[in-house]
There are 2 protein chains.
Amino acid sequence: MRWDDIDKQICSVARALSVVGERWTMLILRDAFLGTRRFDQFQSNLGITRHRLSERLGKLVDQGVLVKVPYHDRPLRHEYRLTRKGLGLYPVLMSLARWGDEWMDKGEGAPLEYIHQSCGHMTRPTLTCSECAEPLRPEEVRPRLGPALQDPNLPPQQASLKKIPSLLKPVG
Amino acid sequence: MRWDDIDKQICSVARALSVVGERWTMLILRDAFLGTRRFDQFQSNLGITRHRLSERLGKLVDQGVLVKVPYHDRPLRHEYRLTRKGLGLYPVLMSLARWGDEWMDKGEGAPLEYIHQSCGHMTRPTLTCSECAEPLRPEEVRPRLGPALQDPNLPPQQASLKKIPSLLKPVG
DNA sequence: TAACTGGGTTCCAGATCGGAACGAATATGG
DNA sequence: CCATATTCGTTCCGATCTGGAACCCAGTTA
């Protein structure tokens with residue numbers, strides 16, 4: 001299968017990655033969440049080539065993750081801002097950052113810390129259950145088929161998704 | 001800058017992506033979380049080429065995200081299992097899945113639903129503050145420099161990270 | 001002895017990437 | 001009026017990465 005076809009899978013992770021799974025895209029969004037808005041700023045912060053940046057920004061705009069907002073005419077200039085759909089990626093970025101903080105530390109501590117303004121404390125973003133508010137641990141979550149996979153005549157490639165074993169215990 | 005150098009950045013997101021940011025890697029991990037363990041199973045579930053799969057699995061093992069565990073000798077066979085470091089990626093995968101459920105739905109509902117065994121309910125994984133337990137909204141979180149970025153003589157490329165503006169309001 | 005299974009590796013054409021140069025529209029300084 | 005700068009791109013080309021298919025190897029079954 002070609003990478004470009006992953007959005008055809010009946011899988012939300014695959015569909016999400018079809019939008020944000022290319023090189024640089026997540027780093028562009030990281031910068032957007034930290035306040036970067038302009039082409040040149042993205043370029044110099046990231047060290048990406050202009051060509052690639054232009055392509056990635058264009059795709060994010062097409063997908064509705066960013067919008068181009070004019071901030072000056074004559075000459076016409078625009079900046080790139082997160083939409084609501086884009087802001088929805090906050091948990092993904094934060095989870096990546098926390099994992100990096102925990103597992104990829106090179107001994108100098110975290111690059112950034114986060115203050116939760118509404119409670120005033122330094123926060124460690126935690127994934128929790130919407131119903132009981134406990135932290136979600138993979139061994140305690142059981143996936144089951146949702147509406148999109150109930151269809152009895154699925155394309156055969158997707159059939160494997162219907163056999164969901166249980167989650168794993170860690171090793172090592 | 002070359003993509004291979006992103007792990008040199010003083011940024012946890014970049015470091016995390018240097019491990020899980022390549023094509024296919026996240027989908028391999030998705031399958032691992034759903035119980036896939038063997039080479040051929042990954043291959044047929046994902047539709048990735050054997051070559052690429054072999055390379056990606058090898059890298060994940062090198063990075064300590066998966067371990068190769070023998071399950072049969074003569075002939076020697078092994079399977080790939082998530083380590084604790086690998087299980088640590090659960091919030092990333094879940095956040096991606098939720099975003100895909102919400103924003104990439106094609107009108108047939110979610111592919112998978114998740115039951116939180118310990119409370120018995122269908123859960124919507126939510127990123128919350130470790131201190132006050134409220135859902136974390138990007139406008140309410142202010143990043144500040146952590147230990148790793150306090151060093152007064154940083155390499156100049158990283159200097160841009162020191163200027164953290166505020167977070168954005170959505171548009172559109 | 002032939003075919004099969006699990007788990008890879010080799011090879012090559014085509015797609016993607018990085019770097020550097022080029023372009024276009026307006027503003028600024030002299 | 002001319003040269004230079006700013007902002008946001010696009011074009012071109014050689015290097016790297018990817019996908020598909022074929023090949024390999026150790027045991028196992030028939």
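Just so we're on the same page: letters track the sequence lines, and every chain starts at 1.
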Quick check with a 6.0 Å cut-off and a 45 degree axis cone: is R37(B) positioned over the face of F42(B)'s six-membered ring? no
Tell me what D5(A) touches on the nucleic acid: a base, only sugar-phosphate, or nothing, going by heavy atoms under 4.0 Å. nothing
CZ (R56(B)) and CZ (R23(B)) are apart, to the nearest 0.5 Å, by 8.5 Å
Report the C-alpha distance between L87(B) and F33(B) in whole Å, list the side-chain angles of each, state the deciding distance to 0.1 Å, and finish with yes or no for side chain to side chain contact (heavy atoms under 4.5 Å, CB included). CA-CA 8 Å; L87(B) 284 171; F33(B) 272 104; 3.6 Å; yes
Between W99(B) and M94(B), is there a donor-acceptor pair closer than 3.5 Å when you use the side chain of the first and the backbone of the second? no
For nucleotides 24-30 of chain D, which of its nitrogen or oxygen atoms have a protein nitrogen or oxygen under 3.5 Å away, and what is each distance?
residue : atom : partner : partner atom : Å
dT28(D) : OP1  : R74(B)  : O            : 2.9

Using atom types as modelled and distance alone, determine if a side-chain donor or acceptor of T128(A) lies under 3.5 Å from a backbone N or O of T126(B). yes
Walking DNA chain D from its 5' end, the first of K68(A) and R2(A) to be reached, judged by nearest nucleotide, is K68(A)
Does Q117(A) have any side-chain hydrogen bond (donor to acceptor under 3.5 Å, both in side chains) partners at least two apart in sequence or in another chain, and if so, which? R142(B)
Could you list the residues that satisfy side-chain hydrogen bond (donor to acceptor under 3.5 Å, both in side chains) with D5(B), not counting sequence neighbours? K8(B)
DNA chain D contacts made by residues 58-66 of chain A, counting heavy atoms under 4.0 Å: none
Side chain of R50(B) - closest among dA22(D), dT18(D), dC8(D): dA22(D)
Using the side-chain contact (heavy atoms from CB on, under 4.5 Å) definition, which of the options I28(A), L93(A), L89(A) pairs with V20(A)? L89(A)
For a quick check of understanding: with a heavy-atom distance under 4.0 Å over all strands, which category does Y71(B) fall into, base, sugar-phosphate or nothing? sugar-phosphate
DNA chain D-proximal residues of residues 19-26 of chain B, any heavy atom under 4.0 Å: R23(B), W24(B)
Could you tell me the boundaries of the chain A footprint on DNA chain C, defined by atoms under 4.0 Å from its heavy atoms? dT16(C) to dA27(C)
Side-chain donor-acceptor pair under 3.5 Å between T49(A) and H51(A), yes or no? no
